[in-house]
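Shown next, in structure tokens, is the structure this report addresses.
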Number of protein chains: 2
Amino acid sequence: MESAFAVIAEPNRRAILSMLSSSERSVGELMHELRLPQPSVSKHLKVLREGGFVESRVEAQRRVYRLNPKPLREVDAWLEPFRRFWSKHVDALEEHLDRMEKEKASSVKGRKRHD
Amino acid sequence: MESAFAVIAEPNRRAILSMLSSSERSVGELMHELRLPQPSVSKHLKVLREGGFVESRVEAQRRVYRLNPKPLREVDAWLEPFRRFWSKHVDALEEHLDRMEKEKASSVKGRKRHD
DNA sequence: CAGGCATATGCCCAGATGGGTATATACGTC
DNA sequence: GACGTATATACCCATCTGGGCATATGCCTG
């Protein structure tokens, strides 16, 4: 599995991560709450493990999985350059005014714009 | 393409989005900067378009693509519950208590092990 | 040590997907 | 309207991946 993005592309894996964000769980608990066959859960957990999203602890016959946030921080970091767009639509007015001003300025003296 | 997550699972598509985050580009510009064959760029753009990540504007024979941040906000929103893990110091206590509780419960009946 | 529970793994299959190539469509120019 | 440019699409193929099933492994109890 290439990247953290590919790992969280799978809906069941996202569900597992969401569950683990509230508290750690055993495979059986995940299996029951997600209503997935056990091999399926184990396979997804393997992908998550190898991607560094989860870690496991042995407790008798059970494996208890807990979240490791590191790979998700990578995703979060990748989003950073896009955050300036979050408020862009809200601030459409401001952007419009900003553009108006630029055009006004350039129409006076023929200044050029850079983009 | 199912979800926004599946769309950004592809490295070239993330590259396109990153490029568009700085400024809009034509297909030819993306093609040149990413060194990808044109059909490949067009196909990725189609996925991005249908996923709502980009919008296009016709300019003579060219199609100029610009970013639409909405689907990325979904991804950002999904990350929200995990952000409390970002600052490990703050939540270390809670996690510790959580673990203590489980150990107490299991130590009553049998042996315990951790790693 | 047998037997049962919890989890992991191996195998096969069907569907999805990205790459590559060829072709279609759209537009602008002469 | 012929031609070149810019982009989209159709087609084929190799690969990957998740689902389902069977089975292996590990641990605990009697």
Side-chain angles (χ1 to χ4, degrees), chain A residues 1-20 24-66 71, chain B residues 1-17 19-20 24-66 71 102-103 105-115:
Chain A
M1 184 73 46
E2 345 156 11
S3 68
F5 296 89
V7 173
I8 63 171
E10 220 287 327
N12 291 315
R13 286 198 287 268
R14 288 201 302 280
I16 290 176
L17 291 175
S18 292
M19 287 183 58
L20 295 183
E24 48 179 37
R25 319 268 172 132
S26 70
V27 177
E29 290 170 329
L30 292 168
M31 178 179 77
H32 183 259
E33 296 188 44
L34 295 175
R35 295 190 176 178
L36 284 178
Q38 177 268 318
S40 188
V41 175
S42 282
K43 274 191 272 190
H44 285 310
L45 283 172
K46 181 178 187 175
V47 175
L48 290 169
R49 227 186 305 125
E50 293 175 346
F53 288 81
V54 300
E55 291 164 4
S56 71
R57 163 170 54 99
V58 178
E59 202 173 79
Q61 320 95 327
R62 307 205 172 138
R63 307 275 176 113
V64 179
Y65 281 83
R66 63 177 176 280
Chain B
M1 184 73 45
E2 346 154 10
S3 69
F5 296 90
V7 173
I8 63 172
E10 219 286 327
N12 291 315
R13 286 198 286 268
R14 288 200 302 281
I16 290 175
L17 291 175
M19 288 183 58
L20 295 183
E24 49 179 36
R25 319 268 172 133
S26 70
V27 177
E29 289 170 328
L30 293 167
M31 178 179 77
H32 182 259
E33 296 189 44
L34 295 175
R35 295 190 176 178
L36 285 178
Q38 177 267 318
S40 188
V41 175
S42 281
K43 273 191 275 189
H44 286 310
L45 284 171
K46 181 176 187 176
V47 175
L48 289 169
R49 226 186 306 126
E50 293 175 346
F53 287 81
V54 300
E55 292 164 2
S56 70
R57 161 170 55 99
V58 177
E59 203 174 78
Q61 319 95 325
R62 306 203 173 140
R63 307 275 177 112
V64 179
Y65 281 82
R66 64 177 175 279
K102 291 232 169 185
E103 306 209 357
S106 66
S107 67
V108 173
K109 257 277 182 160
R111 335 194 304 204
K112 67 195 170 192
R113 256 174 50 167
H114 8 192
D115 5 278

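Here the structure is a predicted model, which means the values were calculated and not measured. All chains are named by letter (A, B, ...) in the order of the sequence lines, taking the proteins before the strands, and each is independently numbered beginning at 1.
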key: Rounded distance in Å - CD (Glu50(A)) to P (dC16(D))   = 15 Å
message = Please identify which of these residues, Arg25(B), Met31(B), His32(B), meets the side-chain contact (heavy atoms from CB on, under 4.5 Å) condition with Glu29(B).
response = Arg25(B)
query = Where the side chain of Ser26(A) is concerned, which of dT7(C), dA8(C), dA8(D) is the nearest nucleotide?
reply = dT7(C)
message = Measuring from the side chain of Ala60(B) (C-beta onward, heavy atoms only), which nucleotide among dT9(D), dG20(D), dG28(C) has the closest atom?
response = dG28(C)
ask   = Given dG19(D), is OP1 or OP2 found less than 4.0 Å from the side-chain N or O atoms of His44(A)?
value = yes
request  = With the side chain of Val27(A) defined as its heavy atoms from C-beta on, choose the nearest nucleotide among dT7(C), dT9(C), dA8(D).
outcome  = dT7(C)
message = Taking the minimum atom-to-atom distance to the side chain of Gln61(B), which one of dT9(D), dG28(C), dG19(D) wins?
response = dG28(C)
query = Which atom names give the shortest non-hydrogen contact between Gly51(B) and Pro71(B), and what distance separates them?
reply = O-CG, 3.3 Å
key: Per Glu10(A) side chain, nearest of listed nucleotides dG18(D), dT7(C), dC21(D)   = dG18(D)
remark   = Closest to the side chain of Asn12(B), out of dA8(C), dG19(C), dT9(D), is dG19(C)
inquiry  = Under 4.0 Å, counting only non-hydrogen atoms across every strand here, what does Ser40(A) touch: a base, just sugar-phosphate, or nothing?
reply    = sugar-phosphate
message = Can you tell me which nucleotide in dA8(D), dC11(C), dT5(D) comes closest to the side chain of Gln38(B)?
response = dA8(D)
ask   = What nucleotide, of dG19(C), dG18(C), dG20(D), holds the atom closest to the side chain of Lys43(B)?
value = dG19(C)
query = Tyr65(B) side chain N/O closer than 4.0 Å to the phosphate oxygens (OP1, OP2) of dA8(D)?
reply = yes
inquiry  = Just N and O in the side chain of Arg62(A): are any of them under 4.0 Å from OP1 or OP2 of dC5(C)?
reply    = no
With Glu55(A), the salt bridge (charged side-chain N to carboxylate O under 4.0 Å, His left out) member among Arg49(A), Arg66(A), Arg63(A) = Arg66(A)
